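We name chains A, B, ... by the order of the sequence lines, and we start the count at 1 in each one. What you are looking at is a predicted structure, and each value in this text was computed from that prediction instead of being measured. Values below: all heavy atoms of this structure, side chains included; hydrogens, waters and symmetry mates excluded.
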Protein chains: 2
Amino acid sequence: MPARHEEIADELRRAIDREEYTVGSRLPAETELAAHYGVSRGTVRQAVAALTAEGLIGSRQGARRVVLASRRSQSFAELRSFAQWAHAMGREATGHVVAQEYLPATAQDSARLQLREGTPVLHVLRVRGLDGEPVLLERTVYADWIAPAVESIDADAPSVTQLLYESTGLVFAYGEHVIDAVAAGAQDAELLGIRRTSPLLRVRRVTTTREGRPVEWSDDRYRSDAVSFSVHNSIDNNALARKTAE
Amino acid sequence: MPARHEEIADELRRAIDREEYTVGSRLPAETELAAHYGVSRGTVRQAVAALTAEGLIGSRQGARRVVLASRRSQSFAELRSFAQWAHAMGREATGHVVAQEYLPATAQDSARLQLREGTPVLHVLRVRGLDGEPVLLERTVYADWIAPAVESIDADAPSVTQLLYESTGLVFAYGEHVIDAVAAGAQDAELLGIRRTSPLLRVRRVTTTREGRPVEWSDDRYRSDAVSFSVHNSIDNNALARKTAE
DNA sequence: GAGGCCAACTTGTTCAGACAAGTTCCGAGT
DNA sequence: ACTCGGAACTTGTCTGAACAAGTTGGCCTC
């Protein structure tokens with residue numbers, strides 16, 4: 001069973017969803033919520049802290065908390081897994097491995113995956129689609145210790161994340177995403193069925209396990225007419241950062 | 001003076017920065033830190049919770065906390081303010097208003113800024129540069145109640161955020177950012193000094209005050225060869241979400 | 001040497017209380 | 001009618017304590 005503060009956070013999220021608390025309205029005071037749920041004020045604070053981090057509600061000392069938005073953010077799992085994301089939207093995810101090969105780790109690979117240079121790492125080029133329409137080109141490099149499990153996956157499997165979890169118990173826990181825009185190259189254009197030089201949204205990411213061990217890094221290119229990304233930030237929670245090109 | 005837990009969070013951040021705790025190494029236990037700083041365990045937990053949210057450290061029940069990364073995240077102020085961001089990098093920010101006019105709020109404007117349709121809102125087209133080089137085109141729409149203060153700002157002022165704070169005490173507190181890629185149009189290309197159809201990183205955002213009142217919304221287009229965005233996510237903290245085009 | 005089990009350690013959850021600091025709103029006084 | 005001050009309210013900070021739940025490493029056995 002989940003922790004009490006998570007249950008309360010969920011109940012509040014649902015209450016906001018069903019507009020019991022409308023956008024702009026004020027949430028009950030901590031002490032009221034504590035009494036209502038029969039818990040201490042600290043537990044309520046943990047619950048509302050979660051909603052604050054998600055950007056659902058705003059908080060200022062002295063004033064009642066305000067509902068800022070509703071229907072926020074998918075789970076991390078949905079962000080990580082293309083297939084789970086598609087499923088949550090009622091769309092069908094497809095996937096197809098175009099090329100796959102082992103290469104010795106470059107200096108860049110070894111830095112990102114925390115491996116010794118020269119260790120063989122698995123490069124995979126995968127096309128992903130929604131309802132048959134290709135929308136994403138994934139160029140992924142897997143660390144040597146997970147590569148065998150990746151290799152054994154069917155070339156047309158829709159969900160790699162799912163299969164890796166089933167076969168090895170691997171759970172992705174952290175991710176760093178660097179986002180920019182690039183023009184589609186010849187290969188990009190061909191595989192995504194778009195014109196060359198079309199703008200693509202590029203997401204370069206490194207994913208690690210719960211222990212902080214890097215699993216993979218990837219260069220993902222999205223058709224910008226099909227997919228966009230959304231980030232919610234506040235003074236207390238700024239996951240987003242602007243960077244200059246090196 | 002800042003809260004004790006913030007001081008401790010800062011000290012830990014600096015310690016990680018100067019590699020006293022290296023990436024992959026383990027942080028001292030909560031009880032040790034509590035004893036070291038002479039505070040209770042709860043206060044230490046508040047401090048490390050902040051670093052966890054920033055993605056600096058990873059946390060699993062039962063195991064010592066692990067340092068995941070270093071040199072993370074600017075402040076929210078730096079993200080919001082182009083000038084502050086540039087300054088933090090030791091670069092000089094420039095700004096120039098190309099066009100500015102009042103227009104009645106469209107349905108879209110009124111929804112995003114929570115105003116009545118037809119209320120006059122201020123449209124501003126601004127070019128921003130780093131060390132003289134144009135890198136960003138900002139098309140911003142300001143709510144009527146802040147527009148007069150914006151209008152009185154010099155056309156070449158480097159920092160609008162700064163001046164708005166000084167003249168009205170306005171502080172930006174929350175922001176929703178939607179990121180995608182677009183091809184440069186004729187006006188974009190001309191003002192940024194790039195070729196037409198070059199890929200641009202587009203960030204559409206709405207910014208609100210601490211009270212949750214929308215102040216402005218903006219369509220920002222970055223030269224993708226000059227600027228990128230970075231988001232750090234985890235199972236506990238996912239500010240990032242993928243979206244399909246409507 | 002391999003495997004399994006347990007004890008020590010560490011983080012997660014929750015409580016109850018106290019005070020600090022900021023906001024809101026009403027009422028008194030001008 | 002307007003402003004100002006203060007009381008009541010609300011969130012922020014911090015303490016100290018207890019138990020739950022997960023991890024780690026070493027010891028013992030086979």
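- As a whole-Å value, the separation of A:Ile8 CD1 from C:dG12 P is 19 Å.
- As rounded to whole Å, 12 Å separates atom C1' of D:dT11 from atom CG of A:Leu27.
- When the nucleotides C:dG12, C:dC15, D:dT13 are ranked by their closest atom to the side chain of A:Val39, C:dC15 comes out on top.
- Distances shorter than 4.0 Å separate some side-chain N or O of B:Arg64 from OP1 or OP2 on C:dT10.
- Each of D:dT23, D:dT10, C:dG12 was ranked by its minimum atom distance to the side chain of B:Arg65; first place goes to C:dG12.
- Mapped onto DNA chain D by nearest heavy atom, A:Arg210 and B:Gly38 fall at different nucleotides, with B:Gly38 at the one closer to the 5' end.
- To the nearest angstrom, P of C:dT10 lies 11 Å from CG of B:Leu33.
- Atoms CD1 (A:Ile57) and P (D:dG12) sit 9 Å apart, rounded to a whole Å.
- Using a cutoff of 4.0 Å between basic side-chain nitrogens and carboxylate oxygens, B:Arg65 and B:Glu30 are scored as salt-bridged.
- Contacts of B:Thr31 with the nucleic acid, taken as non-hydrogen atoms under 4.0 Å apart, are absent.
- Put simply, CZ on B:Arg45 is 11 Å from C1' on C:dT14, counting in whole angstrom units.
- Nearest nucleotide to the A:Ser40 side chain, out of C:dA16, D:dT23, C:dT10: C:dA16.
- Both A:His5 and A:Gly62 lie near DNA chain C, and the one whose nearest nucleotide falls closer to the 5' end is A:His5.
- Using a 4.0 Å heavy-atom cutoff across all strands shown, A:Arg60 reaches sugar-phosphate atoms only and no base atom.
- The side chain of A:Gln61 lies closest to C:dA20 when the candidates are C:dT14, C:dA20, D:dT15.
- Using a 4.0 Å cut-off between charged nitrogen and carboxylate oxygen, B:Asp17 and B:Arg14 do not count as a salt-bridge pair.
- Between C:dT13 and A:Thr43, no contact under 4.0 Å exists linking OP1 or OP2 to a side-chain N or O.
- Regarding contacts with the backbone of D:dC14, every side-chain N or O of B:Arg4 stays at 4.0 angstrom or more from both OP1 and OP2.
- A salt bridge links B:Glu7 and B:Arg4; the closest N-O separation between the charged side-chain nitrogens and carboxylate oxygens is under 4.0 Å.
- Taking 4.5 Å as the limit, every side-chain heavy atom of A:Leu136 sits out of range of all side-chain heavy atoms of A:Val227.
- With rounding to whole Å, B:Glu30 atom CD is found 14 Å from D:dT15 atom P.
- Set against D:dT13, C:dG12, C:dT14, the side chain of B:Arg41 has C:dG12 as its closest nucleotide.
- The pair A:Arg205-A:Glu138 meets the salt-bridge criterion, since a charged nitrogen lies less than 4.0 angstrom from a carboxylate oxygen.
- Here the nucleotide nearest the side chain of B:Arg26, chosen from D:dG25, D:dC14, C:dT23, is D:dG25.
- Comparing A:Gln46 and B:Glu32 by the nucleotide of DNA chain C that holds the closest heavy atom to each, the one mapping nearer the 5' end is B:Glu32.
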